Number of protein chains: 2
Amino acid sequence: MLAAERRDHLLGLLAREGKIVAKDVAAALGISEDSVRRDLRDLAAEGLVQRVYGGALPVSPAVVDYAARQTVAPDSKRRVAAVAAGLVRPGSAVILDGGTTALAVAQALPPELECTVITHSPTIAVALLDHPTAEVFLLGGRVFKHSAVAYGAAAVEAAQNVSAEVCLIGVTGVHPEAGLTTGDAEEAAMKRALAARAADTYVLASAEKIGTASRYRVLPWAEVSGVITDAAPDDAVVEQVTGQGVEVLFAG
Amino acid sequence: MLAAERRDHLLGLLAREGKIVAKDVAAALGISEDSVRRDLRDLAAEGLVQRVYGGALPVSPAVVDYAARQTVAPDSKRRVAAVAAGLVRPGSAVILDGGTTALAVAQALPPELECTVITHSPTIAVALLDHPTAEVFLLGGRVFKHSAVAYGAAAVEAAQNVSAEVCLIGVTGVHPEAGLTTGDAEEAAMKRALAARAADTYVLASAEKIGTASRYRVLPWAEVSGVITDAAPDDAVVEQVTGQGVEVLFAG
DNA sequence: ACATTACATGCAGAAACGTGCAACAATGGG
DNA sequence: CCCATTGTTGCACGTTTCTGCATGTAATGT
């Protein structure tokens, strides 16, 4: 990340959020707090920001848009997302399904991680515009409002032209016998197409989905490499899944 | 690799990614960092790039700031967008290019209007999730951070499978002789592919773009149905354009 | 009052920079 | 055809700039 670029980023952040917290920015960008402080000092010298203890504020505190606040995912989702993000190796490609947990994964990708993200979710594509190094490949198709992702024939066809090391998919049901399930047939087909293009498929399964099943099957256990969940390790259902030869990663 | 070719490559890269890192470009092209630095120095002398430590940035980094994308468009853009939205007939399909003005068009579509929106901008796709009736078809491809749209070979290919009544495109230059121009060759090709799939092509041209030209031509006037602008009707350039047989719609 | 956090300063390693120089290719007379 | 000139490219060198860590100090909060 270029120094000048970082300064632009700070100004954009200030315009968007109305304030800058040095510590948070440093963590978000993966740089030291010293650099942020130096940048803020310089920007303040140019009169572009107002330096305050702990960060900076806009010079004219009048016009602040708090509307565009990014909503923060709940803790459980964030923990699952953090583990999932850890599966993405530098230089590799990852297929990201839609849904809020997958979005959390995108936001959890370390800023310095160079990787390719393949997704059929425009929401995730937009979220990753902020990411300094991630390359995004968007799978097109008809966009469905309720799930906010592209699927259907065109999207499935587009998926045939990509491949990746890892695929991270979200489902509505995770059941020992039924496997992974979801509530819509087209959606199931799309997820299946995505999983087929990756060497390993991991499922993002927050605790409340464990043990439930929906109408349409996405994948049988045989085609799943692992499940990432925040459920308890001694959960009966989880143990049954483990018995199917599926790796279970716990996001404690 | 020719020197001039290299310079074009740098300008394209800057338009696509929003930044140039000297070290990375040198590695990617297999040339020395010195050559890249020399090119950047020359381009900066011509005012085409802004030289910074480690690479270069666009001359006006504010033009496509992601923060600005999210906030409300200025009045002039909103007026242009309103006129453009009026071109979309109920039940018809419209191809929407990327950019802030096109986003404003998406936001200006009346909620009760049933239409199909075809776009290569994930930002617009997300914005239209709110729209109750609009059907969105997303064109996939590699997503470029700086312009926040998908283009490249895959996106152009995806565009071949759609068609629409109207195409609304944004450009960086609108010039009587040069026609419509933009700063990146790939981007120009994408816009061209979009325009080719619609019966009528209209250009979103806020006043400041009138009379300017960039390096790469998108379309000649013969292939443009009309221009939507907030420039003055008696503007000399506008009158020249009208003389080319192009309809000019004023967003007063 | 005390612990915690933020800050400034100094320092060292790393990275980027500019300059000069030599090798090389292209152009243009002679 | 040959040679000189010009311009470009990559390398080597010393210099400047940046960055993160460590230290000590100031500000804040409990």
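As the structure is a computational prediction, the values presented were derived from the model and not from experiment. Lettering follows sequence order; numbering is per chain, from 1.
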Need the bend value for the helix from C/dA1-D/dT30 to C/dG30-D/dC1: angle between end axes, 5 pairs each end, nearest 10°.
30°
Whole angstrom value for the distance that separates P of D/dT17 from CZ of B/Arg51:
14 Å
By nearest-nucleotide position on DNA chain C, the 5'-leaning member of A/Arg37 and B/Tyr53 is A/Arg37
Rounded to whole Å, how long is the line connecting atom CD of A/Glu33 with atom P of C/dC7?
8 Å
Using whole Å, what does the distance between atom C1' of nucleotide D/dT9 and atom CZ of B/Arg41 come to?
13 Å
Kindly state which residues belonging to residues 13-30 of chain B come within less than 4.0 angstrom of DNA chain D, counting heavy atoms of the residue only, listed by number.
none
Please classify the nucleic acid contact of B/Val52 as base, sugar-phosphate, or nothing, using heavy-atom distances under 4.0 Å.
sugar-phosphate
What's the closest nucleotide to the B/Arg6 side chain, out of C/dG18, D/dA27, D/dT9?
D/dT9
Considering residues at least two apart in sequence or located in another chain, which fulfil the ring pair (Phe, Tyr, Trp, His ring centres under 6.0 Å) criterion with B/Tyr216?
none
Could you give the CZ-to-C1' distance, from A/Arg38 to C/dA8, as a whole number of Å?
10 Å
Can you tell which of C/dC7, D/dG10, C/dG18 lies closest to the side chain of B/Ser32?
D/dG10
Does the D/dC21 base have a donor-acceptor partner in the side chain of A/Asp34 within less than 3.5 Å?
yes
Sole candidate of B/Leu10, B/Leu14, B/Leu57, B/Asp39 that passes side chain to side chain contact (heavy atoms under 4.5 Å, CB included) when paired with B/Val49:
B/Leu14
